[in-house]
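A quick write-up on the structure given underneath.
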2 protein chains.
Amino acid sequence: MLNHEPADRVFHALADANRRAIIERLTAGPAAVSELSRLLGVTLAATVQHLRVLEDSELVRSEKAGRVRTCQIDPVGLRRAEHWLHAQRTTWEHRLDRLGDILGEPDPTTFKEPTT
Amino acid sequence: MLNHEPADRVFHALADANRRAIIERLTAGPAAVSELSRLLGVTLAATVQHLRVLEDSELVRSEKAGRVRTCQIDPVGLRRAEHWLHAQRTTWEHRLDRLGDILGEPDPTTFKEPTT
DNA sequence: CAGACACTTAAGTGTCGACTTGACTTTCTG
DNA sequence: CAGAAAGTCAAGTCGACACTTAAGTGTCTG
């Protein structure tokens with residue numbers, strides 16, 4: 001089941017607490033890899049691996065100047081995830097609305113939810 | 001790093017394409033476990049395991065009547081995930097706004113981003 | 001009531017993912 | 001220029017995870 005859909009990558013990236021901590025830090029402004037490494041309390045190598053995941057899912061961008069790589073938020077991934085969730089929630093809510101309309105109608109012929 | 005934060009659970013649940021497919025199906029209305037199983041093309045047992053993850057993260061609720069368990073969306077998890085993403089994005093956007101204000105000011109004393 | 005249905009639980013398997021250590025490369029700085 | 005700083009790359013370890021099969025448990029239905 002090794003999918004490479006964008007949604008897979010984004011949600012998988014967000015599933016890790018350390019990666020979310022990186023994102024939370026970066027919303028406050030850019031940071032170097034070593035700073036993030038200190039923040040998480042893990043090795044530089046581990047941090048770099050997290051950043052690779054975050055960049056692949058377009059949640060973070062980074063550029064290297066001299067010997068320091070500076071990371072910042074990439075809004076693309078964030079928006080993609082937000083959009084999927086919003087779509088699900090609104091679809092669900094609209095369905096409930098329609099259901100309410102039907103149940104509130106003056107002539108309620110016995111209504112049954114189709115399951116198949 | 002086996003965290004049990006709610007955000008961990010929700011995003012981890014959403015990271016799997018089959019679980020997202022279940023959610024997408026349920027936004028259209030309730031469904032039985034065996035129907036979801038058919039939809040995914042995996043074993044009933046596997047489907048039950050996915051549902052356990054989805055229920056633990058409050059993305060799905062289910063009730064058993066007779067021998068059939070009916071599943072439906074639980075908005076709690078969806079909202080939780082959406083809220084986290086929204087918070088990150090807006091924090092980031094507001095920071096950019098403030099940055100724009102500063103850079104657009106009449107007396108721009110040489111501005112340097114604090115990194116530590 | 002017998003057999004089909006709709007799950008449920010347990011155990012096993014192969015893969016992935018988060019870390020680590022250790023060996024480099026590149027870029028400052030005293 | 002020597003050494004420190006900041007990353008980078010490559011293994012290697014070990015626990016999680018998505019499946020499966022197999023053996024149940026209740027609940028209809030003819």
Side-chain angles (χ1 to χ4, degrees), chain A residues 1-5 7-23 25-26 30-57 59-72 113-116, chain B residues 1-5 7-23 25-26 30-57 59-72 112-113 115-116:
Chain A
M1 213 36 59
L2 45 160
N3 237 326
H4 269 287
E5 256 185 289
D8 271 280
R9 287 209 292 270
V10 174
F11 285 121
H12 169 246
L14 293 171
D16 185 273
N18 276 343
R19 283 194 290 261
R20 285 202 309 282
I22 289 177
I23 291 176
R25 165 62 189 80
L26 293 182
V33 181
S34 49
E35 188 198 334
L36 298 172
S37 171
R38 251 174 281 132
L39 174 69
L40 301 186
V42 301
T43 319
L44 247 172
T47 307
V48 169
Q49 287 173 47
H50 282 308
L51 285 170
R52 173 152 181 73
V53 173
L54 289 166
E55 295 200 35
D56 285 349
S57 53
L59 286 161
V60 165
R61 275 182 305 140
S62 74
E63 271 175 29
K64 195 159 183 177
R67 60 182 171 178
V68 48
R69 173 174 297 277
T70 305
C71 310
Q72 58 182 311
E113 280 278 315
T115 318
T116 309
Chain B
M1 232 358 89
L2 44 162
N3 238 324
H4 269 289
E5 256 185 288
D8 272 280
R9 286 210 292 271
V10 173
F11 286 121
H12 169 246
L14 293 170
D16 184 273
N18 277 344
R19 284 194 290 262
R20 285 201 309 281
I22 289 178
I23 291 176
R25 166 62 189 79
L26 294 182
V33 181
S34 49
E35 189 198 334
L36 298 173
S37 170
R38 250 174 282 132
L39 174 69
L40 301 186
V42 300
T43 319
L44 249 173
T47 308
V48 170
Q49 287 172 47
H50 281 308
L51 285 170
R52 173 151 181 73
V53 173
L54 288 167
E55 296 201 35
D56 285 350
S57 53
L59 285 161
V60 165
R61 275 182 306 142
S62 73
E63 271 176 27
K64 194 157 183 177
R67 61 183 170 178
V68 47
R69 173 174 297 278
T70 305
C71 310
Q72 58 181 312
K112 184 75 179 305
E113 280 278 316
T115 318
T116 311

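Values in this document were obtained by computation on a predicted structure and should not be read as measured data. Labels below follow one simple rule: chain letters A, B, ... track the order of the sequence lines, proteins then strands, and each chain is numbered from 1. What you see below is based on every heavy atom in this structure, not just the backbone, and it leaves out hydrogens, waters and symmetry mates.
Between the Thr70(B) side chain and the Ala31(B) main chain, no donor and acceptor come within less than 3.5 Å of each other. The closest donor-acceptor contact from the side chain of Arg9(B) to the backbone of Asp56(B) lies under 3.5 Å.
Dashed line: the shortest gap from a side-chain N or O of Thr43(B) to OP1 or OP2 of dC19(D) is not under 4.0 Å. Within the structure, every side-chain polar atom (N or O) of Lys64(B) is placed at least 4.0 Å from both OP1 and OP2 of dA6(C). Side-chain nitrogen and oxygen atoms of Ser34(B) include none within less than 4.0 Å of the OP1 or OP2 phosphate oxygen of dC5(C).
Ranking dA6(D), dC7(C), dA18(C) by closeness to the His12(A) side chain, first place goes to dA18(C). Here dA18(C) is the nucleotide among dT8(C), dA18(C), dC19(D) with the atom lying nearest to any side-chain atom of Arg19(A). The listed nucleotides are dC19(D), dA6(D), dC7(C); the one nearest the side chain of Asn18(B) is dC19(D).
Across the protein-nucleic acid pair, Arg38(B) atom CZ and dA6(C) atom C1' stand 10 Å apart, rounded to whole Å. With rounding to whole Å, Leu36(B) atom CG is found 14 Å from dC19(D) atom P. In this structure, CD of Glu35(A) is placed 17 Å from P of dA5(D), rounded to the nearest angstrom. In this structure, CG of Leu44(B) is placed 18 Å from P of dT25(D), rounded to the nearest angstrom. The distance between atom CG of Leu14(B) and atom P of dC17(D), rounded to the nearest whole Å, is 15 Å. Between the CZ atom of Phe11(A) and the P atom of dC17(D) there is a distance of 18 Å, given to the nearest Å. The separation between Leu39(B) atom CG and dA6(C) atom C1' is 17 Å, rounded to whole Å. Regarding Asp16(B), its CG atom lies at a distance of 18 Å from the P atom of dA16(D), rounded to whole Å.
Counting heavy atoms from C-beta on, the side chains of Leu14(A) and Ile23(A) come closer than 4.5 Å. With contacts defined as side-chain heavy-atom distances shorter than 4.5 Å, the pair Arg52(A)/Glu55(A) does not qualify. Between Leu51(B) and Ser62(B), the closest side-chain pair of non-hydrogen atoms is not below 4.5 Å.
Smallest separation of non-hydrogen atoms from Arg19(A) and His12(A): NH2-O, 3.2 Å. Residues Val53(B) and Ala13(B) share a closest heavy-atom pair of CG1-CB, 3.8 Å.
For the atom pair OG1 (Thr47(B)) and CD (Glu35(B)), the distance works out to 11.0 Å, reported to the nearest 0.5 Å. Within the model, atoms OG of Ser57(B) and CZ of Phe11(B) stand 11.0 Å from one another, a figure rounded to the nearest 0.5 Å.
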Protein heavy-atom contacts under 4.0 Å, written 5' to 3' over nucleotides 22-30 of chain C as B (base), S (sugar-phosphate only) or - (none), form the string -----BS--
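Near DNA chain D, defined here as any heavy-atom distance below 4.0 Å, the residues from residues 47-55 of chain B are Gln49(B), His50(B), listed numerically.
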